[in-house]
Structures are given as structure tokens and as C-alpha cells.
Chemist: 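Can you keep this structure in mind? I'll have questions shortly.
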Amino acid sequence: MTQPSQKALVPFVSVDHMMQLINHIGMAPMLQGLCARIEDDFRRWPLFDKTPRVASHSDVGVIELMPTSDGDVYGFKYVNGHPANTQDGLQTVTAFGLLSDVATGYPVLFSEMTILTALRTAATSALAAKTLAPKGSKVMAMIGNGAQSEFQSMAMMAIVGIEEVRLYDVDAAATAKCARNLEGSGLRVVSCTSAEDAILGAQIITTCTADKQYATILTDNMVGAGVHINAIGGDCPGKTELAPAILHRAEIFVEYPEQTRIEGEIQQLEPDHKVTELWEVITGTATGRKDAKQITLFDSVGFAIEDFSALCYVRDAIKDTAFFTPLDMLADPDDPRDLFGMVARAK
């Protein structure tokens with residue numbers, strides 16, 4: 001059997017490799033590195049192709065493709081969201097992604113993104129909180145203690161500097177799991193029996209729940225002045241977490257309005273309701289938090305540029321390491337016009 005040429009090989013980062021990479025770099029440094037890369041790409045936001053993700057909805061979940069390019073590199077992510085999967089021992093969200101060289105169209109990285117999506121989502125949330133939350137925020141309420149909750153908590157500690165996380169989930173076992181996983185993290189972990197209890201004393205409120213329905217995780221009376229909310233659970237039509245009255249009291253920041261108006265909390269508002277894009281605040285072309293009493297809301301649904309940033313970070317991080325497998329993905333005949341002959345000679 002002939003060995004594939006170097007042109008045929010694409011670095012593949014498996015789940016095992018991703019876990020090894022995270023533990024090699026360290027969870028906090030990797031979250032910080034991802035946050036820095038995402039922030040850098042937000043600063044060059046106008047360079048990117050931007051389109052709402054291509055979604056295929058069913059009555060049990062959604063499967064989506066998320067493409068973008070900065071003109072030199074193209075990237076996409078495949079991702080699903082199936083809230084009932086955990087009942088069968090499956091992940092709610094799974095994903096993989098790919099980077100390609102725009103000049104040739106050849107892939108340059110193929111990677112798992114189930115774990116990487118959790119990391120990039122947490123890094124993006126922390127970037128928003130660093131940009132918008134009250135200065136000196138030390139306490140976060142984490143409402144929804146599923147697969148994303150520990151990453152969110154660790155990112156807020158590593159990037160924003162929170163010292164206490166207050167946990168609540170309708171499933172007490174999920175809260176216990178999250179608290180157990182955060183033991184020894186350096187965070188003071190408080191397990192709560194209600195969302196109201198979790199919010200007490202918190203300057204940052206993060207909601208990350210999985211129900212695919214119009215839900216009200218936070219009611220208007222639960223949210224006082226001077227807090228920052230990261231609403232990250234809503235990510236498709238009909239899936240929301242906040243009472244509309246909160247939205248009317250808050251200054252709302254989003255990734256890409258054309259997508260967020262379809263999938264985010266603001267799907268509950270009029271299509272022309274004023275929002276500010278986060279990249280504008282990061283580049284200084286728009287104002288973020290105006291005063292200490294203001295409620296700021298990052299209505300996050302996840303956007304392809306964040307996945308692009310995460311894949312680029314991994315592409316660079318695996319260089320000169322063993323944390324990937326060269327995958328024989330591309331046909332490379334001696335004569336580019338003789339693909340048939342390559343197949344025939346392989347008998």
C-alpha cells in the first residue's frame with residue numbers, strides 16, 4: 001500500500017488530543033488564550049464574512065452549520081443542540097470544525113469541537129463580562145449547572161477575576177456535579193436551592209439552561225440595578241430565558257444582530273429594538289457600561305467568528321506537539337488531472 005503524500009494529510013485533533021492539549025496548556029491559560037484570540041478577531045470584525053448559521057430544525061432539536069472567512073482562512077463548524085439527549089446518556093451539544101486555506105481550498109485543520117465549543121463559549125462570555133460588567137465584580141450566579149457551567153465559572157475567574165460562584169439548577173444533581181468539579185479550583189462555591197438565592201450579592205448573572213421552549217428563568221423582579229447578565233442558553237427560535245421586562249430595562253449587546261434577532265432573547269422584542277454589537281464596544285466605536293446602576297445584557301447565541309478564533313488558536317497551539325493525528329483526507333494523484341488513474345492503480 002502506498003503511503004499518502006504530505007499534501008494529502010490534514011492535522012486532526014481528536015477528543016483525546018483536545019483533552020491532552022487542555023491539560024498540557026492548563027485550563028485557565030487556555031481560556032485566557034482563547035479569549036485573547038477572540039478579542040483580536042472581534043477587533044477585525046468588518047473583515048469577516050458574516051451570515052446567520054444555516055439551521056435544520058426538528059421537533060427534538062437543531063443541526064447547524066456555522067461558516068465564516070477572513071479572506072485568508074475559511075472555517076466552519078457543525079453543531080447540534082438536542083436538549084433531551086441527556087436522558088439517553090448523550091451530550092446536548094456535539095460539534096466538529098474545519099479550517100481551510102482560501103488560496104487553495106485545502107483544509108489545514110480538522111478538529112473535535114464539542115469540548116472546544118464549551119471553552120470558546122466560556123471565553124466569549126468572560127470577554128463580554130470583562131467589557132461590560134461592573135468594575136471589580138467578584139460574585140457570579142450560575143443558573144443552569146449542565147455541561148457548560150464549570151467552563152463558565154473557570155473563565156470568569158481566569159479572565160474577569162470573580163472569586164465566588166453561586167450555583168442553581170432545577171436538577172439538584174447537576175448542581176452537586178458542578179460543585180464537585182469546581183472543588184480545588186480556587187473559587188468559593190455556594191450551592192443554592194433557588195435562582196433567587198443564587199442571585200443574592202451577584203454582580204454577574206449567567207443563565208445557561210437547555211429547555212427548547214419559551215422559558216422564564218429570570219423574572220423581572222429578580223434582577224436589580226447594577227448587574228451584568230450573560231444570557232447564553234437561548235440559541236434558537238422559541239428558546240429564551242429572560243422575562244421581556246428585563247430586556248426593556250437593560251442595555252443589550254449582541255454578537256451579530258441578524259442572527260440574534262432570530263435565536264436570542266431579543267426575538268421577544270420588536271425587530272427594530274436598539275442593540276449594540278459587542279465588537280463595537282471592544283474597538284471603542286460604541287459605549288459599553290455607562291454607569292454603576294445600569295443593567296447590561298449580553299444576549300449571546302454563539303457566532304461563527306468565535307469558532308473560527310478557537311480553531312485558529314488550536315491550529316497554532318498544536319504546532320510541534322503530538323496532540324494531533326495526520327489524517328489522510330485529500331486525494332493527491334501524481335497528475336492532478338488523473339484522479340481515475342490513481343484509483344485504478346490502487347488495486
Side-chain angles (χ1 to χ4, degrees), residues 22 25-39 118-169 174-209 217-218 222-233 241-242 246 250-251 253 278 281-282 288-289 291-300 306:
I22 294 166
I25 295 172
M27 179 65 73
M30 187 158 177
L31 286 164
Q32 291 164 341
L34 285 165
C35 181
R37 175 68 203 224
I38 293 166
E39 184 170 6
L119 289 164
R120 78 91 165 122
T121 302
T124 303
S125 294
L127 173 60
K130 183 181 77 165
T131 305
L132 300 170
K135 298 303 179 187
S137 295
K138 297 299 180 186
V139 181
M140 179 180 75
M142 185 70 235
I143 312 298
N145 302 154
Q148 178 65 210
S149 56
E150 297 93 342
F151 295 99
Q152 289 283 324
S153 301
M154 293 294 293
M156 291 293 176
M157 179 175 64
I159 295 160
V160 183
I162 70 160
E163 298 173 353
E164 177 177 308
V165 59
R166 300 176 63 82
L167 305 176
Y168 172 70
D169 195 291
T175 299
K177 176 270 305 180
C178 184
R180 183 171 60 250
N181 285 340
L182 291 175
E183 286 178 6
S185 66
L187 281 167
R188 184 166 58 253
V189 180
V190 180
S191 298
C192 303
T193 56
S194 69
E196 292 87 345
D197 184 24
I199 289 167
L200 289 176
Q203 297 90 32
I204 300 170
I205 303 169
T206 298
T207 58
C208 187
T209 57
I217 307 304
L218 297 183
M222 292 167 64
V223 179
V227 298
H228 172 69
I229 304 170
N230 276 333
I232 63 174
E241 298 179 309
L242 309 184
I246 298 173
E251 189 76 17
F253 301 84
L278 184 61
V281 182
I282 290 171
R289 173 170 290 276
D291 59 65
K293 294 184 178 180
Q294 187 180 34
I295 299 171
T296 53
L297 166 62
F298 180 44
D299 186 3
S300 177
E306 298 153 14

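Numbers here simply count residues along the sequence, with the first being 1.
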Chemist: What is the distance from atom OG1 of T124 to atom CG of L34, rounded to the nearest 0.5 Å?
Modeler: 8.5 Å
Chemist: To the nearest 0.5 Å, what is the distance between CG (L127) and CZ (F298)?
Modeler: 7.5 Å
Chemist: Which heavy-atom pair separates Q294 from G288 by the least distance, and what is that distance?
Modeler: OE1-O, 4.0 Å
Chemist: Partners of T207 by side chain to side chain donor-acceptor pair (under 3.5 Å), sequence neighbours excluded?
Modeler: E241
Chemist: Give me the atom names and distance for the closest heavy-atom approach of L297 to A250.
Modeler: CB-CB, 4.0 Å
Chemist: Show the nearest heavy-atom pair for residues A195 and M222, with the distance to one decimal.
Modeler: CB-CE, 3.5 Å
Chemist: Just how far is it from atom CE of M142 to atom SG of C178, taken to the nearest 0.5 Å?
Modeler: 7.5 Å
Chemist: Enter the distance from M27:CE to M157:CE here, rounded to the nearest 0.5 Å.
Modeler: 10.0 Å
Chemist: Taking all non-hydrogen atoms of both residues, which atom of R289 and which atom of L132 are closest, and how far apart?
Modeler: NE-O, 2.7 Å
Chemist: Pairs in or reaching into residues 138-149: which pass salt bridge (Lys or Arg N to Asp or Glu O under 4.0 Å), with residues at least two apart or in two chains?
Modeler: K138-E163
Chemist: Report the residues that fulfil side-chain contact (heavy atoms from CB on, under 4.5 Å) with A155, sequence neighbours left out, ordered by chain and then residue number.
Modeler: L31, A122, A126, I159
Chemist: Is the backbone N or O of G201 less than 3.5 Å from a side-chain atom of Q203, with the two atoms forming a donor-acceptor pair by type?
Modeler: yes
Chemist: Atom CG of L119 and atom CD1 of I38: how far apart are they, to the nearest 0.5 Å?
Modeler: 9.5 Å
Chemist: Hydrogens and angles aside, do T175 and D169 bring a side-chain donor and acceptor to less than 3.5 Å of each other?
Modeler: no
Chemist: Less than 3.5 Å apart, which donor and acceptor atoms pair up between the side chains of residues 224-232 and the rest of the protein, not counting sequence neighbours?
Modeler:
unit_1, atom_1, unit_2, atom_2, d
H228, ND1, T296, O, 3.4
H228, ND1, T296, OG1, 2.8
H228, NE2, N230, OD1, 2.9
N230, ND2, S125, O, 3.3

Chemist: Is there a donor-acceptor contact under 3.5 Å from the side chain of N145 to the main chain of Y168?
Modeler: yes
Chemist: Rounded to the nearest 0.5 Å, what separates atom CD in E306 from atom OG1 in T121?
Modeler: 7.0 Å
Chemist: Return the set of residues passing side-chain contact (heavy atoms from CB on, under 4.5 Å) with V190 (not counting sequence neighbours), or none when no residue passes.
Modeler: E164, R166, C192
Chemist: Report yes if some heavy atom in the side chain of L242 is under 4.5 Å from a heavy atom in the side chain of I217; otherwise report no.
Modeler: no
Chemist: Mind checking what makes side chain to side chain donor-acceptor pair (under 3.5 Å) contact with S191, not counting sequence neighbours?
Modeler: none
Chemist: Of all the heavy-atom pairs spanning L187 and S153, show the shortest one and how long it is.
Modeler: CD1-O, 3.7 Å
Chemist: Please identify each residue that fulfils side-chain contact (heavy atoms from CB on, under 4.5 Å) with A202, with sequence neighbours left out.
Modeler: V139, A141
Chemist: Which pairs, with at least one residue in residues 141-152 and sequence neighbours excluded, count as a salt bridge (Lys or Arg N to Asp or Glu O under 4.0 Å)?
Modeler: E150-K177
Chemist: D299: which residues meet the side chain to side chain donor-acceptor pair (under 3.5 Å) condition with it, sequence neighbours left out?
Modeler: none
Chemist: What's the verdict on side chain to side chain contact (heavy atoms under 4.5 Å, CB included) for M140 and T206, showing C-alpha distance, side-chain angles and the deciding distance?
Modeler: CA-CA 7 Å; M140 179 180 75; T206 298; 3.2 Å; yes
Chemist: Show me the pairs that pass salt bridge (Lys or Arg N to Asp or Glu O under 4.0 Å) and involve residues 123-135, at least two apart or across chains.
Modeler: E39-K130
